[in-house]
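Okay, so here's the structure we're looking at.
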Amino acid sequence: MFPYPSGRIHMGHVRNYTMGDVLARYQRMRGFEVLHPMGWDAFGMPAENAAMEKGVHPGGWTRQNIAQMKAQLQRIGFALDWTREFATCDPEYYGHEQALFADLYEAGLVYRKESTVNWDPVDMTVLANEQVIDGKGWRSGAEVEKRKLNQWFLKITDFAEDLLAGLENLEDWPEKVRLMQENWIGKSQGLEFSFDLSNGERVPVYTTRPDTIFGASFVAVAADHPVAQALAMNNCDVASFIARCKKGGTTAAELETAEKLGFDTEISARHPLTGAELPVYIANFVLMDYGTGAIMGVPGHDQRDFDFATKYALPITRVVASDPARADDPFKGEAEAGDGVIVNSGFLNGMSVDDAIQAVITRAEGEGWGTGRTVWRLRDWGVSRQRYWGTPIPFIHCEACGVVPVPKDQLPVTLPDDVSFDIPGNPLERHPTWKHVDCPKCGRAALRETDTLDTFVDSSWYFLRFASQPADRPFDPEEVAKWMPVQHYIGGIEHAILHLLYARFWTRALAHIGKITVQEPFAALFTQGMVTHETYSQSTFGSTSHRTEYFSPDEVERRGNVTYIKGTDEPVLVGRVIKMSKSKKNVVDPDAIIARHGADAVRWFMLSDSPPERDLPWSDAGIEGCSRFVQRLWRLFSAYDAGAVGEDKSLDRKTHQTIAAVAADIEALGFNKAVARIYELTGAAEKSAPSASRSAAIRALVHMVAPMMPHLAEEVWAKIGGEGLIADAPWPAVDPALLVDDEVTIALQHMGKLRDTITAPKGASKDALEALALASANLQRSIDGAPVRKVIVVPDRLVNIVT
RNA sequence: GCGGGCGUGGUGGAAUUGGUAGACGCGCGGGAUUCAAAAUCCCGUUCCGCAAGGAGUGUGGGUUCGAUUCCCACCGCCCGCACCA
């Protein structure tokens, strides 16, 4: 529960927090101590954008948003522990973050290095990859430049192996998310070895398929590989080829269709095993930042190499064959990546792929021309942002002493308030006094670091601060040990990699330096679906352009089968049901719905119908139905009679079965199923005549809807004379004897087709059931005198006659 | 291309280990109530058929007494990653 305070709560928040609230309230009723906190991920870009656009201070804007959103959350009735509320822009919070950052620096997990960044020359700031659209800054529209800057990094790669291994134990995480993280970490094992070049240099290459080394027919280096760069100095053909490679688009579609391009350097490389001289190419499909930036090309068993070899008429040799007898058959237009037996490969012939991989690595290491190596896709985490509204990185640059951490007793390094956003760039950088400080070590004039931390750092440890909030430390390790790991972490799938990986890393890093004992922050993860709505639009087609205008749900009205702009005869196009978004205007404001239907109806809608992991299509008809159900419950509850007498055994059974089922459904997060059960019991209670059983059913219903519709439940609870708050009352007990029916319906089948149903006592013997079945006229008519070959009896379920 | 997920009525979706497909909600149809409407209540609502009956869970096959569920092939949609050597 750590939203970005963007200004207003949206339906996605409501859905997420309603699920969490139901769990929290339910578990409290079950007698557990529940920590259900709320805080604010309050640093970040939108506040600075607002400052630039509206001239308001990011801090004031953020605080105002928080106040507004908190009021909204309170209106919805979430049982949150507001005593633990904090925002990441509180100096107390980010001060502790600075101390932790300094601790990690001391432990060698923070470092600075020069790296290439996306630089927006108009806004004068670094942009994240996802903020660069078609090579242009998303805000300014300016052509983004690659710049080399000194940046702060966190050594997440030190934990790569552990982060990967830890996924195995996260059984209550969706398989999908674990897989995404696994791919992102991207472990691969292989061989690194070098080719001696005819120009006297050596080129190291990396391969995961050393077993195919005898099939290598060329060597290729990336366009920005040192070998290519050196050649470009004296050869403008090379230089222009490299430029051509770099110009290629970066979007997925462009990459997919990009043709393999190579430039023959006319240098040759000696194969370490065969001594053959292989041509060396500069190739556009080789990446400088993966492996060594150079590869051995094995066209027979790699599709990219195959495409390349085909284009440049290089030899294609089969070195792995599914059938060794056909080792020299021609290729069928594509590489053969499959498993098989090694052929045409000297000492490897006859081995399996796995054995050959080991054999080559062993031989390379023995002869000293290569080593087994593990390569990771995961990179260290660059946390520098040239921004104002973030946690200042607590370091000082001194000409004499170098990079010096701000002493702990001088933390927090707070943000100055007197900043301006009227010109682009980092206000901290151009502030007249803020960055000028004395070096803590030598006392001479020095400069404060003006970069602030990526906001993902703020959200990488907030859950520890929720556990306890001492003033002098970030958290109390005992409280952390008591509450962590988080038992129910609910969020959108968009956090699958970044936030969830960073938080896992921070938790490990803090454990590594002895601050906490827990390794994994989130024991169970649940990724909820989006709230969706259809879109309404009109398109206008000009001679050169085509424009689509969207309309919000309250700007349109439906008359018959057509949807019009309200109060007009202009029809709109009703589009697909997609995620609510401001740009498509298909949003519904929770406040407006609450004002109309009440918080309980909105909460109920969030839980009904759609399984929580799937998308929830918002509809007016749906919320109206929920609203009606609230009224219906109220009418039923109003008919409660504490003194009613008489027993309705079947209603008693239904009540207890429902209590047990709803509990199981809530625990499994099957809210839609719990809702359906409550509907059923409500219907049964309505149909039942007044009796003690009916009153008991009503009391049970009040308890069961309490976590979902707290307002109605509390109102009724008080009305029917309940003690205190129903939120504090225990979940109703279940009588196991009432969970089983004493009569069951038995399906009678002939050849697996249903012919009749009968009622039989629960637990009736197979023989008894068979006899009852054979007495069925419908079944006999179907059998029609045919000899019975077999009778299958599933007790309490069915009888199937086979003829 | 690689990886993952999903296909059930008009619609959102239910369905223990393979055992009565369509619970429950929405919508729709009919009726009651009302001067009328709203609200409410009752009945109906997978398809074909007057009925008996038949068909039916994306398509085609398979295993089984019995398949939404298991296996094989295919089609469609969605998501993630991507020239990762």
Side-chain angles (χ1 to χ4, degrees), chain A residues 174-184 186-188 190-192 205-210 212 220 222 248 252 255-261 283-287 289-298 301-305 307-308 334 337 375-377 493-494 496-497 527 577 604-605 608-611 613-626 628-629 631-632 635 664 670 672-683 686-687 745-758 781-782 789-803:
Chain A
E175 185 60 35
K176 179 183 182 175
V177 175
R178 291 195 283 172
L179 214 86
M180 283 166 73
Q181 292 213 351
E182 189 183 321
N183 291 339
W184 187 264
K187 181 180 186 175
S188 81
L191 173 72
E192 180 174 328
V205 299
Y206 173 73
T207 176
T208 56
R209 292 294 303 274
T212 63
L255 282 174
E256 191 165 352
T257 54
E259 198 184 353
K260 305 266 177 301
L261 293 175
N284 67 339
F285 69 93
V286 180
L287 305 174
D289 58 358
Y290 187 81
T292 61
I295 60 156
M296 66 169 189
V298 184
H301 307 284
D302 181 289
Q303 191 57 44
R304 295 158 300 174
D305 297 350
D307 295 344
F308 191 82
E334 59 180 18
V375 168
W376 304 86
R377 208 185 83 104
I493 187 69
E494 68 273 17
I497 302 211
T527 51
V577 176
W604 189 253
F605 185 90
S608 331
D609 289 355
S610 289
E613 69 277 8
R614 286 207 221 163
D615 289 350
L616 171 66
W618 178 271
S619 75
D620 289 341
I623 185 66
E624 278 156 23
C626 291
R628 278 202 300 274
F629 182 64
Q631 305 299 324
R632 189 176 147 200
R635 282 193 302 274
N672 57 320
K673 291 188 242 174
V675 162
R677 309 252 188 211
I678 290 172
Y679 274 121
E680 283 187 60
L681 182 59
T682 301
E686 282 169 341
K687 285 189 178 68
T745 307
I746 304 290
L748 303 185
Q749 298 179 339
H750 174 217
M751 303 300 286
K753 281 186 186 293
L754 183 71
R755 291 299 174 222
D756 202 357
T757 57
I758 53 169
R781 186 150 49 90
S782 178
R789 288 197 292 129
K790 199 171 169 189
V791 178
I792 289 147
V793 182
V794 182
D796 297 337
R797 285 265 178 207
L798 61 78
V799 179
N800 186 16
I801 307 292
V802 184
T803 57

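Within every chain, numbering begins at 1; the chains are lettered A, B, ... in the order of the sequence lines, protein sequences first and strands thereafter.
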Interatomic distance where CD1 belongs to A/Ile792 and P belongs to B/G18 [whole Å]: 16 Å
Proximal nucleotide (of B/C24, B/G13, B/A85) relative to the A/Glu680 side chain: B/C24
Nearest-nucleotide pick for A/Val794, side chain only, options being B/G19, B/C42, B/G3: B/G19
Counterpart base for B/U17, defined by Watson-Crick or G-U wobble contacts under 3.5 Å: none
For the student: nearest non-hydrogen atoms of A/Trp604 and A/Cys626, plus distance: CD1-SG, 3.6 Å
Given B/U20, B/C26, B/C41, the nucleotide with the shortest approach to the side chain of A/Arg635: B/C41
Sugar-phosphate, base or nothing in reach of A/Tyr206, heavy atoms under 4.0 Å: base
From B/A82, B/G7, B/A23, nucleotide with atom closest to A/Arg377 side chain: B/A82
Listed nucleotide nearest any side-chain atom of A/Leu287, set B/C26, B/G4, B/C83: B/C83
Separation of atom CZ in A/Phe629 from atom P in B/U40, rounded to whole Å: 13 Å
Watson-Crick or G-U wobble mate for B/U69, both contacts under 3.5 Å: none
Minimum-distance nucleotide to A/Tyr679 side chain [options: B/C84, B/U20, B/C24]: B/C24
Closest to the A/Lys790 side chain, choosing from B/A85, B/G12, B/C65: B/C65
Value in whole Å for how far the C1' atom of B/A14 lies from CD1 of A/Ile678: 16 Å
Basic-acidic side-chain contact under 4.0 Å: A/Glu680, A/Arg677: no
Closest-nucleotide 5' rank along RNA chain B - winner of A/Ser188 and A/Asn672: A/Asn672
hbond_proxy A/Lys673 side chain to B/C24 base (donor-acceptor, 3.5 Å cutoff): no
d(CZ, A/Arg209; P, B/A85) in whole Å: 11 Å
5' precedence on RNA chain B between A/Pro617 and A/Glu624 (nearest-nucleotide basis): A/Pro617
Closest nucleotide among B/G12, B/A55, B/A85 to the A/Lys753 side chain: B/A55
Integer-rounded Å distance: B/U40 C1' and A/Glu686 CD: 11 Å
Interatomic distance, A/Leu754 CG vs B/G53 C1' [rounded to whole Å]: 14 Å
Pairing nucleotide - B/C81, Watson-Crick or G-U, each distance under 3.5 Å: B/G1
A/Gln181 CD to B/C79 P, straight-line distance once rounded to whole Å: 21 Å
Partner nucleotide of B/C28 by Watson-Crick or wobble geometry (both distances under 3.5 Å): B/G44
A/Arg632, nearest nucleotide to its side chain (from B/G25, B/G12, B/A52): B/G25
Among B/C24, B/G19, B/A85, the nucleotide that comes nearest once only the side chain of A/Ala676 is considered: B/C24
